[in-house]
Amino acid sequence: MKFTDLEKIRVEKIERMRQAGIEPYPTRSEVTHTTAEAIRLFTEGEQAGRTDPVQVTVGGRLRSIRLMGKVYFAHIEDGWGRLQLFFRINDLGEEAMEQFREFFDLGDFIQAGGEMFRTRSGEITLHVRHYKMLAKAITPLPAAKDEVVDGEVVRHAALTDPETRYRQRYADLAVNPEVREVFRTRARVVKALRDYLDNLGFLEVETPILQPIYGGAAARPFVTYHNQLKQNLYLRISFELYLKRLLVGMLDRVYEIGRDFRNEGVSYKHNPEFTQLEFYMAYADYLKIMEITENMIAHVAETVLGKRVISFNGHEIDLTPPWRRLELRQGILEVTGIDIDAHPTADSLAEAMRAHGMQPKPGYSRGKLIDSLLGDFLEPTLIQPTFLYNYPRDISPLAKSMPGNPQITERFEGYVGGMELCNAFTELNDPLDQEQRFLEMGRDYNPEDEERHPMDEDYLRAMSYGMPPQGGFGMGIDRLTMLLTDRHTIREVILFPHLRESGE
RNA sequence: GGGCGUGUAGCUCAAUGGUAGAGCAGUGGCCUUUUAAGCCAUUGGUUCAGGGUUCGAGCCCCUGCACGCUCACCA
């Protein structure tokens, strides 16, 4: 390891500690309480009028040290909170006071034991009778001294540089408690989703991440290779095709929460790997899935945040069901003045777009043009929760067509905060129709493209055994977490977001 | 991949083309007993990297790297 000057000073302290017979990295601690437990015990005793001392040994990082000659104050922080320590030479003796002064730095993990009391200024504090180094920190935490004003921690010059925060998330978490809170919230979101689906009788399953044929979404995959099998494998881009096989196998309600991988550009709402929830429900259609969706999201907000009206990006968003339902055709008509139903071909639609001063991408299919109208003009306006429904067939190859209208599929997407949150449809379960869709899809691919999507014969065989009618649903957990924590980039809700190699 | 922007001490930030600074952190000292981001002193720099212009470059130019925003891409 290479050390800075600041770090060298601490490395030397480690050597001097060992010379003084103090182990800087002892194997065991004697911690009996968290800081929060210690404070709660004391407060309860105080309220009950008890005078017997509350004896605790707590552990944590040193976050502030104030040496005042023969008395020291310090704060430690653990995963539950902060506690002030009070050291007095009368209690600890000269040697212990001197060793603390000489060897202990901000960021060190220590334990301290004694009894709880309240200082003259009112702060609940541990009167230290004994203390011990638990783990010496060599690298200073990237934050300046904290102070506590009226019980609130005020940090001066906190770590803010996004590159350092993401590359050294451990340091970010260590000094920015609100970052820890984001990931606690994220965990509660996942738990609330699981509870909701479990209560509806869904079975949680795990399907392959390494897949010989990828599918279920339109995305470029990551490719890897199995040495012994001499076989290319793809990291999954969705769970869909495997989960739907399970409904053939009579697992009527299944869901999976896991990682998807898409070899595409990164942005504030795209990370190369992201967490997805997909569920499939036999005998349901997309209308039923809409109901489950709005209720599930409202339930999650209620459980995690205790409220259904959230604040996101300066907007007040009310997640209370029922959410607005807006037919895709109507939505596009309202924001662009173009009626997609009046333009049954790509050429016709492109002409209409040009007439409205737009520049449609040459070579796009009608469905892709509609998708671009949606993304460019409609999506940013969908702040309050909205289900857009009825999507064109050619961009929905796994969704069932509407009865009597083969060009429109029973598909919807949920939008909140101007961001696509989820995608769902009445699942196509007609194997002959599905094969036809795959073949049509193949026409979009250049035959010379080595990444050309192969036909998933096994999926068709599964469907040929008979697949119950069903509704399916997919949602990005990362984006939901962004909404519920009011973070505006996906990197804020992923512990270790992907960054370019720094070459350091 | 394109455009725009940013990169200075451990952290947060200053510095007309003319001696690289501040606060915090660090180090040394003061501090006689429930508080103090305390007081005094002090250390610390390949100004992202490499070229160029200039008497002189943190600053201007070129190339590269990283990050941010944005566009493109993205059933």
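By convention in this document, chain letters (A, B, ...) are assigned in the order of the sequence lines, proteins followed by strands, and residues within each chain are numbered from 1.
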Does the ring of A:F387 carry A:R325 above it, NZ/CZ under 6.0 angstrom from centre and within 45° of its axis?
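Relative to the ring axis of A:F387, which defines the angle, A:R325 lies outside at least one limit.
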Let me know the distance between [atom1] of [X] and [atom2] of [N], rounded to the nearest Å.
{"X": "A:F104", "N": "B:G26", "atom1": "CZ", "atom2": "C1'", "result": "18 Å"}
{"X": "A:L62", "N": "B:G26", "atom1": "CG", "atom2": "C1'", "result": "15 Å"}
{"X": "A:D161", "N": "B:U8", "atom1": "CG", "atom2": "C1'", "result": "13 Å"}
{"X": "A:D172", "N": "B:C11", "atom1": "CG", "atom2": "P", "result": "13 Å"}
{"X": "A:D376", "N": "B:C71", "atom1": "CG", "atom2": "P", "result": "10 Å"}
{"X": "A:L106", "N": "B:C11", "atom1": "CG", "atom2": "C1'", "result": "12 Å"}
{"X": "A:H127", "N": "B:U35", "atom1": "NE2", "atom2": "P", "result": "14 Å"}
{"X": "A:E163", "N": "B:C11", "atom1": "CD", "atom2": "P", "result": "11 Å"}

Which part of the nucleic acid, if any, lies within contact of [X], taking any heavy atom under 4.0 Å across all strands shown: a base, the sugar-phosphate backbone alone, or nothing?
{"X": "A:E7", "value": "nothing"}
{"X": "A:K361", "value": "sugar-phosphate"}
{"X": "A:S396", "value": "nothing"}
{"X": "A:Y72", "value": "nothing"}
{"X": "A:R393", "value": "nothing"}

Identify, with sequence neighbours excluded, every residue that meets ring-ring contact (aromatic ring centres under 6.0 Å, His included) alongside A:H127.
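Partners of A:H127 by the ring-ring contact (aromatic ring centres under 6.0 Å, His included) criterion, ordered by chain and then number, come out as A:F86, A:F117.
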Looking at the side chain of [X], which of [options] is the nearest nucleotide?
{"X": "A:L159", "options": "B:C67, B:U12, B:C74", "result": "B:U12"}
{"X": "A:T119", "options": "B:C11, B:U35, B:C69", "result": "B:U35"}
{"X": "A:Y364", "options": "B:A66, B:U34, B:C73", "result": "B:C73"}
{"X": "A:R120", "options": "B:C11, B:U35, B:U33", "result": "B:U35"}
{"X": "A:F73", "options": "B:A36, B:U34, B:C73", "result": "B:U34"}

Phosphate contact ([N] OP1 or OP2) by [X] side-chain N/O below 4.0 Å:
{"X": "A:R167", "N": "B:C67", "answer": "yes"}
{"X": "A:T160", "N": "B:U12", "answer": "yes"}
{"X": "A:Y268", "N": "B:C67", "answer": "no"}

With distance as the sole criterion, is a donor-acceptor pair present between the side chains of [X] and [Y] under 3.5 Å?
{"X": "A:Y391", "Y": "A:E413", "answer": "yes"}
{"X": "A:D260", "Y": "A:S238", "answer": "no"}
{"X": "A:E123", "Y": "A:H75", "answer": "yes"}
{"X": "A:H343", "Y": "A:D341", "answer": "no"}
{"X": "A:Y166", "Y": "A:E492", "answer": "yes"}
{"X": "A:Q84", "Y": "A:R66", "answer": "yes"}
{"X": "A:N423", "Y": "A:R411", "answer": "yes"}
{"X": "A:S64", "Y": "A:R82", "answer": "no"}

Please list, for nucleotides 1-7 of chain B, all pairs of protein and nucleotide N/O atoms separated by less than 3.5 Å.
none

Nearest-Å distance once atom [atom1] is located in both [N] and [M]:
{"N": "B:G10", "M": "B:G26", "atom1": "P", "answer": "14 Å"}
{"N": "B:A9", "M": "B:C48", "atom1": "C1'", "answer": "15 Å"}
{"N": "B:A22", "M": "B:A15", "atom1": "C1'", "answer": "10 Å"}
{"N": "B:G21", "M": "B:G45", "atom1": "C1'", "answer": "11 Å"}
{"N": "B:U43", "M": "B:G28", "atom1": "P", "answer": "14 Å"}
{"N": "B:C73", "M": "B:C59", "atom1": "C1'", "answer": "37 Å"}
{"N": "B:A41", "M": "B:C31", "atom1": "C1'", "answer": "15 Å"}

Any salt bridge linking A:K400 with A:E410? Criterion: basic side-chain nitrogen under 4.0 Å from a carboxylate oxygen.
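Between A:E410 and A:K400 there is no salt bridge, as every charged N stays at least 4.0 Å from the carboxylate O atoms.
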Ignoring hydrogens and geometry beyond distance, is the side chain of A:E123 in donor-acceptor contact with the base of B:U34 at under 3.5 Å?
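No, the side chain and the base share no sub-3.5 Å donor-acceptor pair.
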On the 0 to 90° scale, with breaks at 30° and 60°, tag the A:F279-A:F473 ring pair as parallel, tilted or perpendicular.
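If you compare the ring of A:F279 with that of A:F473, the planes turn out parallel.
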List, with names and distances, any nitrogen or oxygen atoms from the protein found under 3.5 Å away from nitrogen or oxygen atoms belonging to nucleotides 27-32 of chain B.
| from | atom 1 | to | atom 2 | distance (Å) |
| --- | --- | --- | --- | --- |
| B:U27 | OP1 | A:K13 | NZ | 2.8 |
| B:C31 | N3 | A:G69 | N | 3.1 |

